[in-house]
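This report concerns only the one structure given below.
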Amino acid sequence: MKELPKTYDPKAVESKIYDMWLKGGYFKGRIDPEKEPFTIVIPPPNVTGQLHLGHAFDETLQDVLIRVKRMQGYSALWIPGTDHAGIATQIKVEEYLREQGISRHDLGREKFLEKVWEWKNQYGDRIVEQLKTLGSSCDWDRLRFTMDEGCSRAVREVFVSLYEKGLIYKGNRIINWCPDCRTALSDAEVEHEDHSGYFWHIKYFVKDSDEYVVVATTRPETMLGDSGVAVHPEDERYKHLIGKTVILPLMNREIPVIADEYVDKDLGTGCVKMTPCHDPNDFEIGLRHNLEQILVLDEDAKINENGGKYEGLDRYEARKQVVKDLEELGQLVKIEPNSHSVGTCYRCDTIVEPLTSPQWFVKMEPLAKEALEVVRDGRISFVPDRFVKIYTNWMENAHDWCISRQLWWGHQIPAWYCSDCGHITVSREDPDKCEKCASSGITRDEDVLDTWFSSALWPFSTLGWPDKTPDLDYFYPTSVLVTGYDIIFFWVARMIFSGLEHMKEVPFRTVLFHGLIRDDKGRKMSKSLGNGVDPIEVIDTYGADALRFNIITGNSPGNDMRYYDERCEAMRNFANKIWNASRFVMMNLTIDKNELPEKLELEDRWILSKFNNLAKEVNENFDKFELGIAANKIYDFIWDSYCDWYIELTKPRLNGEDEAAKISAQKVLLYVLTETLKLLHPFMPFITEEIWQALPHEGEALMIEKYPEFSEDISFPEDEASFEIIMNAVRAVRARRAEMNVPPSKKPHLTIVTEKRDLFEAGLIYLSKLAFAGKVTITDAAPENMEGLVGVVTNDAKLYMPLAELVDLQKERERIEKELKTAVQNLSRTKGKLSNQGFISKAPESVVAAERERAEKLQALIKNLEDSLKALN
RNA sequence: GGACGAUUAGCUCAGCUGGUAGAGCACCCGCUUGACGUGCGGGUGGUCACAGGUUCGAGUCCUGUAUCGUCCACCA
């Protein structure tokens, strides 16, 4: 048997194993009519991004799921890919160019896009390589990109077909404008922050009158675009003004007073200025009342030509100036401090301006209907299910989705404007003339689509849609979508209605949501704080398996988690533990076949039965997406049951003279180790594969072995329980010795008084080994001469050792009394329950029986403890 | 203004369908135990935020309160 190093070295293993997997083609998703498909599409990371811990979290969850399903016999497919990430990428490239003093406008659209593609090709592979270091078992031959030929075709098809169905339209409507990115944004791309500011109360005089109304605003500069004043139709204070006009100060424009139910009589003055071009509500009201639309901001958020003398001023300079001028006019009634929420751009954090602009929209209402149904009726389930509420709340209230962006990087909108007849030609193929008037004077829309428009199609565009492909047939709908709750609206919601609309079927059955990874102080990791942790460095230090296990065990679904190096270290230690346990097994191995022996010892049946239960529970946990719980159980089994107990238990046989016993111990050790490696493999793929390859095995790779499940053949519940009795005796003796500071080298004669003589006879050798006993005597009667003996008691036995000279009698008495006291307390509680009629009649039988058994055990323990106490006195 | 989450050992967190609380780290006492000191054995430490309720029984279910956090909202 080859010599293995004493510590596990991930670096020596990971890339070698990964290559082996790749060579074997085990990641490939194959259409197999005999098997059920299990499909995951990766949430595509930004093509120019770098792997961060959030990705590591996401990918690890997916890889665990896909590996389990693969081993469970599904035809597993995990499709990888990257996202062009419109604004984010364009900003990055523009920044890079700016360093060289170049703007994108200097280059022009075509040249600029060349630069972005160059950038993409340079950095596009980096993130893919980083995903591999985690052990991700993606089918790399199917690597996709949201702007590759196929995905682009899908985008084109979707745009055109939605346009044809009237679900995409172009309109001049209120959108969120980011003056820094110089593009429209969807509602989802705007974050709301509370800012402290002011309410400015302004007098608008009624025309030809001294009468005036007072309106309040947080954005006084927008008054330049006011085209009306609204009051409630039933408001007695203003009823007489309805239909009259007021004079807009500064602009001296005559604007109507209109009545609309929207106005709240009790809020403020009950009188609202109407700025249809710069406020969504005013826009709607304006439409109802035919108010003039006056846009006063340009794309840099400077006042435009409609703003009179304020033209050219930045929005905040204009605000100052407007306030100042109103004050001078005496029309500023008061300034009231207040805090209100302002929208900011999710990419650059600039305060966005609501303004009207001709943009493209997706009509949400018809799409939302079924998207709500499938989540409500369980055709798609969310884990954890509390996200259903968040989702439905959003979907019920979603406004039309603004999908056009004034960027260059992305899918250019397939719409052509005719300069002759004004018709818009939207087409699957690039047209050379207007479809209406046949004029060749057509020009293409300059804008591109929201990056999320293409990600919304990801579950089917990656499988070949719009073509009818066998892949699509077999692998769609996908099985599980794993993603962070932070993109539920951006992505999950849009995939759902897109899948339903274009595939007539949900895009996935289950969505597994996870939270964010924060730093050790609970702060979000960010570039500006510089508190980011690089997963590549973590892998370098602790190994990918340790990072994966840390992530999986440190978290419950949907919740955020903090990252601690210490936890990775602990998981690295766990990997090392497995390594050394395996090393032990290999060092003792003289067999070359993995099979169970015919004759099993008690401890063999114990470990096999424990393993069997573990396999059962782990499978159940997987079915419920309780990955962390499953991983913890495997951890405990390996460390406690297998290493700390079972390996120690086999040593007498392995080191003994009985060849048959030696072989049988080896067989069980090997069997349980091998099966446990399978259970653990999805969580720690590298080390488990490496060890498995070094053990006697059939088959090519652990990663394609069958996942263990419960088996009647190795189910020994009674033996398991019996052996726990021996273990309890061992623990009791160890505890006793530890209290007296007896070193392991001191091996006293152990006398065991028990009614279960046969059991203890069978476990005798382990008592001497694990409890550091010399000779062991088993009897059913207490020793006649107790002198010099110290005792320890369990439910099933009293154990004596001649160590009295080491005992502090006083402490000994105190210890027993303390133990006795808790035992008596417990007994009285148990008896209380048992004398409770309600409990006896209403609790399940098994619970009552367990309680009875507990009472019996406690009584036995108390008797034993009392005897010991008596013997001391 | 709504909705959601968190509150459990000194720290960070688990705890599935209700049946007398667990882990890792930290801490204390021992240990050259023939795989592993990245280890072994033993131990200290919790009125499960608070107040009610349902139940034979509540960390777990219900109601309310507090603190922290998150999301949503067309809050002149």
Side-chain angles (χ1 to χ4, degrees), chain A residues 4 6-8 174 191-192 199 201 215-219 230 262-264 267-275 279-285 338 340-341 354 384 386-387 389-390 393-394 397 399 485-486 488-489 515-516 520 522 542 550 553-556 558-562 564 566-567 569-588 617 620-621 624 626 628-629 632 635-636 643-644 647-648 651 655 731 734-745 769-770 772 826 829-830 833 836-844 846-848 850-851 854:
Chain A
L4 290 176
K6 278 176 90 166
T7 52
Y8 171 60
I174 287 261
E191 287 169 355
H192 296 272
F199 261 136
H201 296 252
V215 297
T217 179
T218 56
R219 293 179 298 153
Y262 164 81
V263 179
D264 185 341
L267 207 59
T269 59
C271 198
V272 193
K273 67 192 265 305
M274 289 288 112
T275 321
D279 183 283
N281 296 312
D282 297 6
F283 181 79
E284 293 300 326
I285 299 168
N338 91 325
H340 59 281
S341 96
R386 61 184 147 93
F387 288 105
K389 210 167 173 178
I390 294 171
N393 181 47
W394 185 83
N397 299 301
H399 295 346
Y485 61 72
D486 52 332
I488 182 167
F489 309 134
L516 267 50
D520 57 352
Y542 301 105
N550 177 13
T553 56
N555 176 258
S556 51
N559 291 336
D560 293 352
M561 67 180 291
R562 298 187 195 199
Y564 283 92
E566 288 83 347
R567 271 187 62 87
E569 199 176 316
M571 295 312 151
R572 189 265 324 256
N573 294 353
F574 176 54
N576 196 51
K577 186 74 184 172
I578 301 164
W579 183 255
N580 276 290
S582 307
R583 205 161 64 94
F584 171 82
V585 172
M586 286 183 222
M587 277 164 35
N588 284 286
E617 290 177 17
E620 287 167 358
N621 289 138
K624 290 183 275 183
E626 296 164 355
I629 296 174
N632 266 322
Y635 177 102
D636 288 343
C643 292
D644 289 348
I647 284 187
E648 295 307 320
K651 283 178 182 174
N655 299 330
R731 288 194 190 102
R734 279 176 180 169
R736 201 67 205 85
R737 293 175 57 116
E739 271 169 37
M740 298 188 293
N741 288 338
V742 184
S745 51
K769 158 91 180 146
L770 300 180
F772 305 103
N826 288 342
R829 201 181 323 173
T830 301
K833 269 194 179 182
N836 179 336
Q837 254 332 100
F839 178 74
I840 299 294
S841 58
K842 289 183 181 170
S846 62
V847 174
V848 178
E851 209 62 31
R854 183 178 294 148

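So that the names make sense, note that chain A is the first sequence line, chain B the second, and so on, each numbered from 1.
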ask   = Going by modelled atom types, is there a donor-acceptor pair between the base of B:C75 and the side chain of A:S341 at under 3.5 Å?
value = yes

request  = Compare the minimum distances between each of B:C72, B:A35, B:U38 and the side chain of A:E648, then state the nucleotide with the smallest one.
outcome  = B:A35

query = Between B:A35, B:C16, B:C4, which one does the side chain of A:R386 approach most closely?
reply = B:C4

query = CH2 of A:W394 versus C1' of B:U70: gap in Å, rounded?
reply = 18 Å

ask   = Considering only B:U38, B:G15, B:A35, which nucleotide approaches the side chain of A:I629 most closely?
value = B:G15

task = Write down the distance between OH (A:Y635) and P (B:A23), rounded to a whole number of angstrom.
result = 11 Å

message = Regarding A:T830, tell me which of base, sugar-phosphate or nothing describes its non-hydrogen contacts under 4.0 Å with the strands shown.
response = base

key: Side-chain donor/acceptor contact of A:R572 with base of B:U38 under 3.5 Å   = yes

message = I need the A:D644 CG to A:K577 NZ distance, nearest 0.5 Å.
response = 5.0 Å

query = For the side chain of A:N573, counting heavy atoms from C-beta on, which of B:U38, B:A35, B:G24 is nearest?
reply = B:U38

message = Nearest to the A:F584 side chain among B:C40, B:A35, B:C16, which nucleotide is it?
response = B:A35

query = Which part of the nucleic acid, if any, lies within reach of A:I488 when heavy atoms closer than 4.0 Å are counted: base, sugar-phosphate only, or nothing?
reply = nothing

key: Selected nucleotide, minimal atom distance to A:V847 side chain, candidates B:A35, B:C29, B:G19   = B:G19

message = Categorize A:R737 for me: base, sugar-phosphate, or nothing, with a 4.0 angstrom heavy-atom threshold over every strand shown.
response = nothing

query = Rounding to a whole Å, what distance do you find between A:N397:CG and B:G1:C1'?
reply = 14 Å

ask   = What distance do A:M274 atom CE and A:D279 atom CG have between them, rounded to the nearest 0.5 Å?
value = 7.5 Å

message = Once you measure the plane-to-plane angle for A:Y485 and A:F387, does it fall in the parallel (<30°), tilted (30-60°) or perpendicular (>60°) bin?
response = parallel

query = Counting only Watson-Crick or G-U wobble pairs whose two distances fall under 3.5 Å, which nucleotide matches B:C48?
reply = none

message = Classify A:E569 by what it touches in the nucleic acid, base, sugar-phosphate, or nothing, heavy-atom distance under 4.0 Å.
response = nothing

inquiry  = At less than 4.0 Å, is any side-chain N or O atom of A:K6 found next to OP1 or OP2 of B:C36? Yes or no.
reply    = yes

ask   = Of A:V263 and A:M561, whose closest RNA chain B nucleotide lies nearer the 5' terminus?
value = A:M561

message = At 4.0 Å (heavy atoms only), tell me whether A:P844 reaches a base, stays on the sugar-phosphate, or touches nothing.
response = base

inquiry  = Heavy atoms only, 4.0 Å cut-off, all strands: where does A:P744 land among base, sugar-phosphate and nothing?
reply    = sugar-phosphate

request  = Return the nearest nucleotide to the side chain of A:Y564; candidates are B:C11, B:C75, B:G41.
outcome  = B:C11

note = Here the distance between atom C1' of B:G39 and atom NZ of A:K577, to the nearest Å, is 6 Å

query = Taking atom C1' of B:C11 as reference, at what distance in whole Å does atom CG of A:D520 sit?
reply = 11 Å

query = Does OP1 or OP2 of B:A14 have a side-chain N or O of A:S556 closer than 4.0 Å?
reply = yes

query = Would you say A:R562 reaches B:C13's phosphate, i.e. side-chain N/O to OP1/OP2 under 4.0 Å?
reply = yes

task = Figure out the CE/P separation between A:M740 and B:G43, and round it to whole Å.
result = 13 Å

note = Regarding the side chain of A:F772, the nearest nucleotide among B:C11, B:A35, B:U33 is B:U33

query = Which value, in whole Å, describes the distance between the P atoms of nucleotides B:G5 and B:C61?
reply = 10 Å

request  = Specify whether A:Y8 and A:W579 have parallel, tilted or perpendicular ring planes, treating 30° as the upper limit for parallel and 60° as the lower limit for perpendicular.
outcome  = tilted

remark   = Partner of B:G22 under the Watson-Crick or G-U wobble criteria, both distances under 3.5 Å, comes out as B:C13

remark   = Looking only at heavy atoms, the pair that brings A:V215 and A:C271 closest together is CG1-O, 3.7 Å

Qualifying residue, where the test is side-chain contact (heavy atoms from CB on, under 4.5 Å) with A:L770 and the options are A:K651, A:R731, A:E648 = A:E648

note = Of A:H399 and A:A735, the one whose closest nucleotide on RNA chain B sits nearer the 5' end is A:A735

ask   = Among side-chain atoms of A:N573 and A:Y542, is any donor-acceptor pair under 3.5 angstrom?
value = no

request  = Measure from the side chain of A:E626, starting at C-beta and using heavy atoms only, and say which of B:G42, B:C16, B:A14 lies closest.
outcome  = B:C16

request  = If B:C27 has a Watson-Crick or G-U wobble mate with both distances under 3.5 Å, name it; if not, just say none.
outcome  = B:G43

ask   = What is the distance from CD1 of A:I390 to P of B:U70, rounded to the nearest Å?
value = 14 Å

request  = Please check if any side-chain donor atom of A:R219 sits under 3.5 Å from a side-chain acceptor atom of A:T275, or the reverse.
outcome  = no

query = For A:N393 and B:G1, what is the distance between atoms CG and C1' respectively, to the nearest whole Å?
reply = 13 Å

ask   = Which nucleotide, B:C16, B:A35, B:G42, lies nearest any side-chain atom of A:K624?
value = B:C16

query = When all nucleic acid strands are considered with a 4.0 Å heavy-atom cut-off, which category describes A:G270: base, sugar-phosphate, or nothing?
reply = base

ask   = NA contact type, A:F199, heavy-atom cut-off 4.0 Å: base, sugar-phosphate, or nothing?
value = sugar-phosphate

request  = With a 3.5 angstrom cut-off on both distances, give the Watson-Crick or G-U wobble partner of B:C4, or none if there isn't one.
outcome  = B:G69

request  = Name the nucleic acid region contacted by A:K769, choosing base, sugar-phosphate or nothing; use a 4.0 angstrom heavy-atom cut-off, strictly under.
outcome  = nothing

